[in-house]
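We number each residue from 1, following the sequence as shown. The model shown is predicted, which means the values in this text are computed figures rather than measured ones.
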Amino acid sequence: MEELFLPRTEFDSYDDFFNNYTLNVPENFNFAYDVMDAIAAKKPDAPALVWTNDEDDYLEISFGKMKEMSDQAASFFMSCGVKKGDFVMLILQRRYEFWVSMLALHKIGAVAIPATHMLTTDDLIYRNNFTKIKMIVAVTVPDVIAHINESLKESPSVKAVAFVNEMGVDRPVENPPEGWLDFTAGCKNAAPFVAPPREEVSTNKDLMLGYFTSGTTSHPKLAVHNFLYPLGHITTAKYWQHVQNGGLHLTVADSGWAKTSWGRLYGQWICETALFVYDYHSRFKPIDLLHQVQKHRITTFCAPPTIYRFLIQEDLSGIDFSSLTHCSTAGEPLSEEVFNRWKEITGLEITEGFGQSETTVCLFNFEGQKIKPGSIGKPSPYYNLHLLDDNNEDVGTAVVGQIAFKLDMEKFGDTQGRFPGLVVEYYGEPEKTNAAFHDGYYYTGDTAWRDEDGYYWFVGRCDDVIKCSGYRIGTFEVESVLMKHPAVVECAVTGAPDPIRGQVVKATIILAKDYKPGDADLVKDIQRFVKETTAPYKYPRIVEFVDALPKTTSGKIMRKAIRAQDAAKTDAK
């Protein structure tokens with residue numbers, strides 16, 4: 001299928017790839033119709049998605065069946081009043097209904113907003129009202145249902161809510177939430193789907209998908225993509241992850257995060273590989289994941305470095321890795337120790353990649369290049385990368401600068417120089433959009449340096465976003481919660497080095513006068529408070545009480561100084 005969009009698919013070297021990779025962009029592209037339905041017509045019985053869970057339930061959905069199911073879901077959504085341009089939130093963890101729903105929403109021109117099941121009531125109220133969410137589809141996890149029900153009291157735009165059983169295949173829910181629609185029954189009983197005329201569904205510039213992405217000085221902003229976004233992920237799947245036509249690809253990610261769009265949806269299906277989804281419910285056990293790789297003969301595998309770090313701690317002597325042909329990673333820097341140990345165990349090198357919710361893969365290690373463990377590689381085509389200093393000047397070799405992409409790709413007829421895969425805007429916030437797009441560049445907010453061989457090395461965020469076990473955590477969000485605790489007078493949240501997770505959330509706190517810093521129960525209470533007030537993964541694993549926070553002369557907290565102290569302590573060990 002990728003041959004339809006690539007005039008040339010094979011390249012002699014990285015330079016050949018970067019300079020000569022081009023896309024044929026259809027005039028009115030819709031992934032659901034032009035890729036999925038087209039593959040369904042060509043090879044209806046080929047597997048599109050293989051789903052299993054830790055209860056050994058199993059479901060294989062062919063491309064033909066995926067078309068049928070997405071048509072039914074599109075009809076169901078339309079019967080609920082969803083139409084072109086409406087925002088629909090999907091809180092579906094790793095349920096196969098997520099993929100069905102995404103295609104269905106594309107088919108009617110609605111905007112999908114994938115979300116994590118860990119959102120609290122306040123998180124949901126903000127998201128519902130900010131985007132005028134029209135409908136929510138969620139799994140029947142008690143906390144998820146409870147938070148959504150509470151949020152509906154202050155979310156007037158939400159007109160319908162539908163549930164999906166978190167367990168099994170088409171298994172009825174014993175106690176369905178009151179007032180909710182049954183997604184499975186609704187799809188099965190829906191009227192035959194009649195696709196609207198394509199010009200009424202979408203154009204290339206219409207919004208298709210959005211992800212809330214954390215910042216440090218405000219609520220999360222919504223990065224939105226148009227209908228050309230899937231085409232940008234051909235590079236992600238074909239040239240970074242090396243998925244195979246007819247293969248079976250596993251990316252470890254929850255459907256609420258952009259990593260799913262990166263690793264198990266658009267580019268992979270364009271390349272006609274099947275997606276493998278392991279829907280575990282109990283606490284994640286790395287060895288269970290490898291048993292799935294062995295049992296189902298996974299061909300390509302992608303996971304954050306945290307997963308690889310956990311995996312190499314296991315006894316892997318009895319695992320058969322012979323089906324694997326390629327392994328990749330992104331989200332955090334990969335240590336040389338993990339790289340070498342994984343290669344020793346499996347015979348495969350892990351290729352790093354770099355990108356954001358706002359992009360597709362921007363940098364990665366191209367096939368045939370020497371891999372430098374820890375390096376995020378070299379730029380992808382269309383990403384005309386510059387490292388800029390505070391004066392917007394290019395920095396030299398071995399100097400840290402902000403990663404920025406020059407907007408000079410006008411071949412797509414967009415006067416702003418946007419190209420498939422790059423974020424359109426931060427929805428509803430022109431100031432933040434203009435802060436990211438100006439002076440002919442898109443500014444990522446991430447920093448890196450370049451070595452003498454042209455390899456790039458990630459350094460960190462400009463705005464203090466913490467990356468912990470693949471999650472992006474905004475310091476502002478955690479600080480806002482901490483300040484609601486009666487013991488906290490002032491606080492600073494930073495990322496502290498961690499050998500397993502890369503970074504963990506650290507809270508440096510000045511206590512109210514009636515509280516004592518040596519109280520171990522107080523630490524636990526603060527951590528519990530954060531877990532119960534916002535998404536649990538944001539809680540501070542490290543809590544330190546201090547008499548004063550480092551500040552600038554203007555009174556701003558110097559988080560950089562706290563991070564430097566923590567780094568020095570780590571180096572001294």
Original post:
Heavy-atom count around D439 CG within 6.0 Å, excluding the residue itself: above 12?
Top reply: yes

**OP:** Report yes if the distance between the aromatic ring centroids of F364 and F354 is under 6.0 Å, otherwise no.
**Re:** no

Original post:
Under 3.5 Å, is there a donor-acceptor pair between the side chain of W240 and the main chain of T351?
Top reply: yes

Original post:
Salt bridge between R450 and D394, side-chain N to carboxylate O under 4.0 Å?
Top reply: no

Original post:
For the atom pair NE2 (H242) and OG (S328), what is the distance rounded to the nearest 0.5 Å?
Top reply: 8.5 Å

Original post:
Rounded to the nearest 0.5 Å, how far apart are OG1 of T329 and CD1 of I307?
Top reply: 9.0 Å

Subject >> Full working for side-chain contact (heavy atoms from CB on, under 4.5 Å) between L6 and M1 >> reply: CA-CA 9 Å; L6 301 181; M1 175 62 69; over 6 Å; no

Original post:
Hey, does the side chain of Y383 reach the backbone of V361 with a donor-acceptor pair shorter than 3.5 angstrom?
Top reply: no

**OP:** Report yes if some heavy atom in the side chain of L311 is under 4.5 Å from a heavy atom in the side chain of L290; otherwise report no.
**Re:** yes

Original post:
Quick check: does any side chain N or O of N391 sit under 3.5 Å from a backbone N or O of E393, one acting as donor and the other as acceptor?
Top reply: no

Subject >> Any side-chain donor near an acceptor of the partner, N365 and E352, under 3.5 Å >> reply: no

**OP:** Scan Y211, F98, Y537 and name whichever one has a ring pair (Phe, Tyr, Trp, His ring centres under 6.0 Å) with W257.
**Re:** Y537

Original post:
Would you call R559 and D566 a salt bridge, taking side-chain N to carboxylate O under 4.0 Å as the test?
Top reply: no

Original post:
To the nearest 0.5 Å, what is the distance between CZ (F18) and OG (S13)?
Top reply: 12.5 Å

Subject >> T325 backbone acceptor or donor facing T299 side chain under 3.5 Å >> reply: no

Original post:
Using the benzene-type ring in the case of Trp, are the ring centres of F437 and Y442 under 6.0 Å apart?
Top reply: yes

Original post:
Stepwise, does the side chain to side chain donor-acceptor pair (under 3.5 Å) test hold for Y427 with E429?
Top reply: CA-CA 6 Å; Y427 182 80; E429 299 188 276; over 6 Å; no

Original post:
Can you tell if the side chain of L23 reaches within under 4.5 Å of the side chain of F419, non-hydrogen atoms only?
Top reply: no

Original post:
Once you round to the nearest 0.5 Å, how far does CZ of F339 lie from CG of L348?
Top reply: 10.0 Å

Original post:
Hey, are T300 and H249 close enough side-chain-wise for a donor-acceptor pair under 3.5 Å?
Top reply: yes

Subject >> Cation-pi geometry met for R8 and Y21 (6.0 Å, 45°) >> reply: no

**OP:** Determine the minimum heavy-atom distance between P379 and L385, stating which atoms define it.
**Re:** CG-CB, 3.9 Å

Subject >> Under 3.5 Å: donor-acceptor pair, side chain of Q369, backbone of F366 >> reply: yes

Original post:
Between P305 and A330, which heavy-atom pair has the shortest distance, and what is it?
Top reply: CD-O, 3.4 Å

Subject >> Check: Y280 and L289 side chains under 4.5 Å, non-hydrogen atoms >> reply: no

**OP:** Could you please spell out the steps behind the side-chain contact (heavy atoms from CB on, under 4.5 Å) verdict for R541 and R501?
**Re:** CA-CA 11 Å; R541 293 177 181 270; R501 296 175 175 84; 3.5 Å; yes

**OP:** Mind running side-chain contact (heavy atoms from CB on, under 4.5 Å) on I350 and L334 for me, showing each step along the way?
**Re:** CA-CA 9 Å; I350 304 171; L334 180 73; 3.9 Å; yes

**OP:** Would you indicate whether the side-chain heavy atoms of F545 and I526 approach each other to under 4.5 Å?
**Re:** yes

**OP:** Answer yes or no for K378 and Y455: cation-pi contact, defined as NZ/CZ to six-membered ring centre under 6.0 Å and angle to ring axis within 45°.
**Re:** yes

**OP:** State plainly whether the residues K370 and D453 are in salt-bridge range, i.e. N to O under 4.0 Å.
**Re:** no

Original post:
Are the ring centres of W342 and F310 closer than 6.0 Å?
Top reply: no

Subject >> Side-chain heavy atoms of W457 within contact of I376, under 4.5 Å >> reply: no

Subject >> Under 3.5 Å side-chain donor-acceptor pair for D16 and N20 >> reply: yes

Original post:
Is it true that a side-chain atom of T116 and a backbone atom of L119 form a donor plus acceptor pair closer than 3.5 Å?
Top reply: no

**OP:** Using atom types as modelled and distance alone, determine if a side-chain donor or acceptor of T273 lies under 3.5 Å from a backbone N or O of G247.
**Re:** yes

Subject >> Spacing of C327 atom SG and I298 atom CD1 [to the nearest 0.5 Å] >> reply: 11.0 Å

Original post:
Heavy atoms, side chains only, cut-off 4.5 Å: are L49 and E60 in contact?
Top reply: no

Subject >> Side-chain ion pair, E349 and K343, N-O less than 4.0 Å >> reply: yes

Original post:
Can we call the ring centroids of Y441 and F405 under 6.0 Å apart?
Top reply: no

Subject >> Qualifying residue, where the test is ring pair (Phe, Tyr, Trp, His ring centres under 6.0 Å) with F5 and the options are F31, Y266, F29 >> reply: F29

Subject >> Donor-acceptor contact present, side-chain Q268 to main-chain L265, <3.5 Å >> reply: yes

**OP:** Taking the six-membered ring for Trp and the full ring for Phe, Tyr or His, determine whether the centres of H296 and F276 are under 6.0 Å apart.
**Re:** yes

**OP:** List the steps and the verdict of side-chain contact (heavy atoms from CB on, under 4.5 Å) for E479 and V481.
**Re:** CA-CA 5 Å; E479 288 172 353; V481 172; over 6 Å; no

Original post:
Which pair of heavy atoms, one from H326 and one from Q241, lies closest together, and at what distance?
Top reply: ND1-O, 3.3 Å

**OP:** Would you sort out whether Y382 and T360 count as a side chain to side chain donor-acceptor pair (under 3.5 Å), showing the intermediate values?
**Re:** CA-CA 11 Å; Y382 299 125; T360 58; over 6 Å; no

Subject >> Short side-chain donor-acceptor distance under 3.5 Å, E55 and H281 >> reply: yes

Original post:
Got a sec: does the CD of E337 have more than 12 other heavy atoms crowding it under 6.0 Å?
Top reply: no

Original post:
Does K221 make a cation-pi contact with Y426 (under 6.0 Å, within 45 degrees of the axis)?
Top reply: yes

Subject >> Closest contact, heavy atoms only, V423 versus A223 >> reply: CG2-CB, 3.8 Å

**OP:** Begin from the C-alpha positions of H219 and F212 and carry the test ring pair (Phe, Tyr, Trp, His ring centres under 6.0 Å) through to its verdict.
**Re:** CA-CA 9 Å; H219 286 293; F212 279 94; 9.9 Å; no

Original post:
So, for Q93 and D254, which heavy atoms are closest and what is the spacing to 0.1 Å?
Top reply: CA-OD2, 3.4 Å

Original post:
Taking the side chain from H233 and the backbone from Y229, do they hold a donor-acceptor pair closer than 3.5 Å?
Top reply: no

Original post:
Rounded to the nearest 0.5 Å, how far apart are SG of C362 and CD1 of I403?
Top reply: 7.5 Å

Subject >> For K238 against C271, the heavy-atom pair lying closest together >> reply: CB-SG, 3.7 Å

**OP:** Check each of I473, T494, T534 against V478 using the side chain to side chain contact (heavy atoms under 4.5 Å, CB included) test, and report the only one that passes.
**Re:** I473

Original post:
Do Q402 and L387 touch side chain to side chain, with heavy atoms closer than 4.5 Å?
Top reply: no

**OP:** Give a yes or no on whether the backbone of T359 and the side-chain of W262 come within a donor-acceptor separation of less than 3.5 Å.
**Re:** yes

